[in-house]
Amino acid sequence: MSILPFTRPTLGDEEQQAVNEVLASGWLTTGPKVEALEQALADYIGGGVSVRLFNSATSALEATLIALNVGPGDEVILPAMSFTATANVVVRVGATPVFVDVNLVSRNLSVEQVKAAVTHRTRAVLPVHFAGLAVEMQPLYDLAERCRLIVIEDAAQAIGSKIDGRNIGAAGNPVCFSFHPNKNMTTIEGGAIASSDMRLLRRIERIRFHGIERDAQGNMDVPEWGGKMNLADVNAAIGLVQLSRLDAFNRRRRELAQAYIRLLPQHAALVIPMDQPGHSWHMLCICIDFAALGMSRNTFQQRLRKLGVGSGVHYPAMHLFSLYRSYGYGPGDFPEAERIGEQTLTLPLFPAMQDADVEQVCAAVSQLLSVEDAT
Ligand SMILES: Cc1ncc(COP(=O)(O)O)c(C=O)c1O
């Protein structure tokens, strides 16, 4: 039996052709395709921002924190529910991650939670638009202005998502995206930062590539440390095609997600994710009270697989990882993030799925939820 995966990138002849052209051009690494994709993304996002590409969102976030001089002695507030890269980059620059809880249904942090965590050491807030669902940003921007905090958005999962009709990334503050193969558009590996702060972007460019700066004559200097975080033209060429397809991908994701919301059973053990205008539906993550069902998540996943349905887990609560326990965090600190961590299950969602696939997944979930003796 073939298994429906929880995600699958949509790549076709156009992407293949774009790669072939770059290979034949003789210029493989960072060059004209990267420049073209940076411009195309800036045009797509809007708001007059500029974009710089990276080899991952992790690199983009790290370079952004370094360029903003976030480091030892600084606290950065972030949700306890995200992929671990969000917190790891804070550790990487020597700052202290300060977790806050999230909402069970949106999986996003709120301004109240952030407000309660602000101290005199807080330098930045790092909200995550979980699974493509936008965080309510205006209250956060207002708080940040009042408390003189930097807002760096982790939009790794949110390319093409909108807030109040405007694309995430268009507000002008630093916003980072991922183009990993699971994301709504891919460059295979890749990431980007959007910002309207040209001085910041110039420093970010330097940090992206060995700290190198060149004068008008092309003479090289290295005024500060930089890494090796640039994207290659081969990847950017794929990204240019993917970007042209992004809105169609996201429309299909929304249709499929809305079908899920209609077809998933009403069940006391099941929490269905929320929709809102502008949601790009990077993932469809439900919660199931596995303990109430008398079945482990692992068993549930194995049984789903036997019914032809793949699934994923996004994510364990970050503050419970060993690294973050060493900062003093432990069980009970963030009940909603911990509940999500224990109960979350990602169901298949990708643009090439058929309506019948959603029906199959919902029937499989319904079947497993109604199993009485499921141990
Ligand atoms: C919320 C979040 N932040 C950061 C990242 C890191 O992205 P990348 O794999 O491009 O480094 C991811 C990747 O899944 C993510 O989901």
Side-chain angles (χ1 to χ4, degrees), residues 5-9 34 37 41 51-66 76-93 97 99-100 102-103 106-109 124-135 137 151-161 168-169 174-194 204 207-208 227-232 235-236 238-239 242-243 253 273 279-285 312-319 321 323-324 337 340-341 344 346 349-350:
F6 75 79
T7 187
R8 183 194 292 149
V34 165
L37 182 55
L41 279 165
V51 169
R52 296 294 177 270
L53 284 167
F54 278 81
N55 55 15
S56 69
T58 307
S59 302
L61 286 164
E62 196 180 315
T64 304
L65 288 167
I66 295 169
V76 178
I77 299 173
L78 71 161
M81 175 48 52
S82 181
F83 180 56
T84 192
T86 313
N88 289 356
V89 292
V90 176
V91 172
R92 181 75 189 98
V93 299
F99 294 109
V100 297
V102 297
N103 177 278
S106 73
R107 304 192 179 199
N108 283 337
L109 53 63
V125 187
L126 191 36
V128 175
H129 302 288
F130 195 98
L133 181 76
V135 171
M137 288 307 301
V151 181
I152 304 166
E153 291 167 56
D154 182 341
Q157 306 182 357
I159 184 73
S161 293
I168 284 183
V175 180
C176 295
F177 299 94
S178 171
F179 306 126
H180 173 275
N182 280 358
K183 301 301 187 291
N184 289 21
M185 65 167 268
T186 187
T187 56
I188 310 308
E189 295 288 357
I193 176 177
I204 280 176
I207 291 163
R208 175 174 68 174
K228 179 73 165 73
M229 309 175 181
N230 58 306
L231 190 77
N235 303 78
I238 296 170
Q242 289 273 295
L243 181 60
R253 284 177 177 276
H279 191 344
S280 65
W281 284 104
H282 165 54
M283 294 190 288
L284 193 126
C285 305
V313 173
H314 301 92
Y315 301 94
M318 289 191 291
H319 66 289
F321 290 137
L323 171 61
Y324 296 105
I340 294 165
T344 190
T346 306
L349 181 63
F350 52 91

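When reading the values below, keep in mind they use all heavy atoms of this one structure, side chains included, and skip hydrogens, waters and symmetry mates. As the structure lists them, so they are numbered: ligands from 1, and atoms in each ligand from 1.
Thr344 places a side-chain heavy atom less than 4.5 Å from the side chain of Val313. Side-chain contact between Thr7 and Thr346 is absent, with no heavy-atom pair separated by less than 4.5 Å.
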- Task: Check the pair Asn88 / Leu323 against side-chain contact (heavy atoms from CB on, under 4.5 Å), numbers first and verdict last.
- Result: CA-CA 9 Å; Asn88 289 356; Leu323 171 61; 4.1 Å; yes
Q) Passes side-chain contact (heavy atoms from CB on, under 4.5 Å), Phe179 versus Asn235? Steps please. A) CA-CA 10 Å; Phe179 306 126; Asn235 303 78; over 6 Å; no
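Given atom 16 (O) of ligand 1, the protein heavy atom at minimum distance is Gln157 NE2, 2.8 Å. Here the protein heavy atom with the shortest distance to atom 9 (O) of ligand 1 is Ser178 OG, 4.0 Å. Scanning the protein heavy atoms around atom 6 (C) of ligand 1, the nearest turns out to be Thr58 OG1, 3.4 Å.
Taking both residues in full, the closest heavy atoms of Pro181 and Pro9 are given as O-CB, 3.6 Å, listed atom of the first, atom of the second, then distance. In this structure, Phe54 and Ile204 approach most closely via the heavy-atom pair CZ-CG2, 3.4 Å.
Heavy atoms of Tyr315 found under 4.0 angstrom from ligand 1 belong exclusively to the side chain. The proximity of Ala156 to ligand 1, defined as any non-hydrogen pair under 4.0 Å, is limited to the side chain. Contacts of Asp154 with ligand 1, taken as heavy-atom pairs under 4.0 Å, involve the side chain alone.
The residue from Leu109, Val76, Val151, Ile77 that alone fulfils the side-chain contact (heavy atoms from CB on, under 4.5 Å) condition with Leu126 is Val76.
Against a heavy-atom cut-off of under 4.0 Å, Gly190 is close to the following atoms of ligand 1: 10 (O). Atoms of ligand 1 found under 4.0 Å from any heavy atom of Ser82, numbered from 1 in the order shown, are 1 (C). Within ligand 1, counting atoms from 1 as listed, the ones closer than 4.0 Å to a heavy atom of Ala85 are 4 (C), 5 (C), 6 (C).
Using a 30° and 60° split on the angle between ring planes, Tyr324 and Phe99 fall in the perpendicular class, above 60°.
Checked by distance only, ligand 1 and His180 stay at 3.5 Å or farther apart across all their nitrogen or oxygen atoms. Considering backbone and side-chain N/O atoms, Ala57 comes within less than 3.5 Å of an N/O atom of ligand 1. Looking at ligand 1, you won't find any N or O of Glu189 less than 3.5 Å from one of its N or O atoms.
Between Lys183 and ligand 1 there is a heavy-atom distance shorter than 4.0 Å.
Of the possible donor and acceptor atoms, one in the side chain of Gln242 sits under 3.5 Å from a partner among the backbone N and O of Thr186.
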